[in-house]
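Note sheet for the following structure.
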Amino acid sequence: MELKEVLRFADEKVFSKTGKHLDDLQEAILKEAIQGRKYAKIAQDRDCSEGYVRVAASELWKILSDVLGEEVSKGNVRAILERAKFYNSPSAILSNHVTFNHVNVCQERARSPTETPNPEQTPTQPYIDLGDAPEIFSFYDRTPQLSTLENWITQDRTRLIALLGISGIGKTTLALHLIDQIKTQFDYIIYRSLRFSPTLEKYLSQVLKIFSESSEIPQNIETKISQILDYLRKYRCLIILDDVQILFSSGQLAGQYKSGYEDYQLFFKQITEVNHNSCFLLISSEKPREIAELEKSNSPIHSLVLGSLGLGAKDILSSYQLLEAETWETLINIYQGNPLWLNITSALIRELFSSKVADFLQYDMPLLDESLQSRLEQLLGRLTEEEIAVITQLVQETEAVILSEILNKIKLSNSELINAIKSLCMRFLLETQEQEKITFFSLNPVVAQYVKTRQKH
């Protein structure tokens, strides 16, 4: 049989079963496997790792096994496809026997398109493992954001969601509160934080133990990924992965993975490409680069950036029993509606200003508590020299400026400037606004105040 015929037949069978055609990588793997070539050649041709190709190949063999009703591997894929092609030909349908390479073969019963292997019984109640999740004592109104996330997860069946925003804005609280609203939609809900920088292998081992405590965890990372993807197909899972920014290098442009953690990028990409009904929710104060690259209007990946809590933050001030409610909106705006910043500042007002917001506002704003300064220092400590040059210049500006104005005032090449500004936006330290189709940039006011404080020392 001609190679093109085999490939076309495989694509038609997969499409009839799954509603999706083979993608470029799957087609390349199938083509090379049929010709008896190695995965290394595919990896070299497509400029990716051999391990990545092996994982994708493992997924392809599983899809074909399900479609064709028998175990498919790299070694037997050609023979199985050619035999299946003859079985599905008009002449083969008329007889229980077909001739294949001059050998008379008894035809096997074809699997019905709706017939599936007997799956293990899914839990009648969702299995929820929140691991090291923080306990949530207060939740402030985020109704629009909750609705957006719920629709993406339950209606659009989005496979990967990035929940983003500057530190302290309430990302983790929102994600954990979301669980109560959608938990009945899932078989498994799992939360884990990356704050202690586990490698992908270690993280996958932790998750696999949740799905099957009695099974032995494989040593090979490709096999671990393959097993995780099996569970994502078999069950409806919501997996929340917090503190993703820990994977990124300090002193490098935003979203650049630390050495030894690059496998996460390939794993996240594969989560979006492989067919399943589960959802990964990534929480990060830096936008992963692959999110920006993969996010399209018709792709199973979305990102949501949390901004100011708005007037909902009045509940925070009320919890500290602050006085002079007519001044609260001013205080909220000064601290960007950031729940953490407002909690720190409210505690300061209660302790040193007898809970009187008006007395506090008499000072140059924003006034930064030492605890808040420490957190801002952590953010700025991750910046590159080019990013520091940009924010140092922006601190001196009294209003938002356009790109060309920044370039004229600091000694950076066009590429260095654009990359630095893009990185600062991915860290949510810059604010942008568009006027008459022109983009203006300004520094977050609280961050700007801290930069000024630093410069005095």
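Being a predicted model, the structure only gives us computed values, none of them experimental.
- The shortest distance between side-chain heavy atoms of S285 and R427 does not fall below 4.5 Å.
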TODO: Might you work through the side-chain contact (heavy atoms from CB on, under 4.5 Å) test for V274 and L232, ending with a clear yes or no?
DONE: CA-CA 10 Å; V274 174; L232 295 184; over 6 Å; no
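- Looking at K209 and S205, their side chains never bring a donor and an acceptor atom within 3.5 Å of each other.
- The number of heavy atoms from other shown groups lying within 6.0 Å of CZ (R350) is above 12.
- Residues D132 and R195 are in side-chain contact: their nearest non-hydrogen atoms beyond the backbone lie under 4.5 Å apart.
- Under the side chain to side chain donor-acceptor pair (under 3.5 Å) criterion, the residue pairs touching residues 395-410 are Q393-E397, E397-K409, with sequence neighbours excluded.
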Task: Worked verdict on D129 versus R192 for salt bridge (Lys or Arg N to Asp or Glu O under 4.0 Å) - done: CA-CA 9 Å; D129 185 335; R192 286 295 183 272; 3.1 Å; yes
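- Qualifying salt bridge (Lys or Arg N to Asp or Glu O under 4.0 Å) partners for E290, counting only residues two or more places apart in sequence or in other chains: none.
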Task: Intermediate values then yes/no, side-chain contact (heavy atoms from CB on, under 4.5 Å), I169 and F428 - done: CA-CA 11 Å; I169 202 67; F428 311 103; over 6 Å; no
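- Contact detail for C425 and T432: the closest heavy-atom pair is SG-CG2, 4.1 Å.
- Using a 30° and 60° split on the angle between ring planes, Y203 and Y264 fall in the tilted class, from 30° to 60°.
- The backbone N or O of R54 lies less than 3.5 Å from no partner atom in the side chain of E222, so there is not a single donor-acceptor pair.
- Residues E59 and E273 are not in side-chain contact: their nearest non-hydrogen atoms beyond the backbone lie 4.5 Å or more apart.
- Checked by atom type, the side-chain pair T154/Q185 shows no donor-acceptor distance below 3.5 Å.
- In terms of heavy atoms, K224 sits closest to E201 at NZ-O, 3.4 Å.
- E262 places a side-chain N or O within 3.5 Å of a backbone atom of G260 that can act as its donor or acceptor partner.
- For NZ of K356, the number of neighbouring non-hydrogen atoms (other residues, nucleotides, ligands) closer than 6.0 Å is 12 at most.
- Between P134 and L176, some side-chain heavy-atom pair lies under the 4.5 Å cut-off.
- The environment of E434 atom CD is dense: over 12 non-hydrogen atoms of other residues, nucleotides or ligands sit within 6.0 angstrom.
- Side chains of V72 and V67 form no contact here, defined as non-hydrogen atoms less than 4.5 Å apart.
- For S284, the side chain to side chain donor-acceptor pair (under 3.5 Å) criterion is met by no residue, not counting sequence neighbours.
- Few gaps surround CD on E326; more than 12 heavy atoms of other groups in view lie less than 6.0 Å from it.
- Considering all non-hydrogen atoms of both residues, F248 and R382 come closest at O-NH2, 2.9 Å.
- One side chain, N343 or Y320, offers a donor N or O that lies under 3.5 Å from an acceptor on the other.
- Shown here is Q219, whose CD atom has no more than 12 heavy atoms of other residues, nucleotides or ligands within 6.0 Å.
- Side-chain contact check for S278 versus Y188: every heavy-atom pair is 4.5 Å or farther apart.
- There is no side-chain donor-acceptor pair under 3.5 Å between N338 and Q336.
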Task: CA sep, side-chain torsions, deciding dist, call: V357, T330, side-chain contact (heavy atoms from CB on, under 4.5 Å) - done: CA-CA 10 Å; V357 176; T330 300; over 6 Å; no
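- A donor-acceptor pair under 3.5 Å links the side-chain atoms of S346 to the main chain of L342, judged by distance alone.
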Open item on the list: Go through it in stages, so that I can follow the logic: the residues are W328 and S318, the test is side-chain contact (heavy atoms from CB on, under 4.5 Å), and I'd like the CA-CA distance, side-chain angles, deciding distance and then a yes or no.
Closed with: CA-CA 9 Å; W328 288 4; S318 178; 4.1 Å; yes
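- Closest non-hydrogen pair, G168 versus K171, comes out as N-NZ, 4.5 Å.
- Counting only N and O atoms by type, the side chains of D141 and T143 include a donor and acceptor under 3.5 Å apart.
- Between E431 and N444 there is a side-chain heavy-atom pair separated by less than 4.5 Å.
- Across K269 and T272, no two heavy atoms sit closer than the pair O-OG1, 2.6 Å.
- The shortest non-hydrogen separation linking P288 to L164 is CD-CD2, 4.1 Å.
- For the pair F211/D230, no side-chain contact is recorded, criterion being any heavy-atom separation below 4.5 Å from C-beta on.
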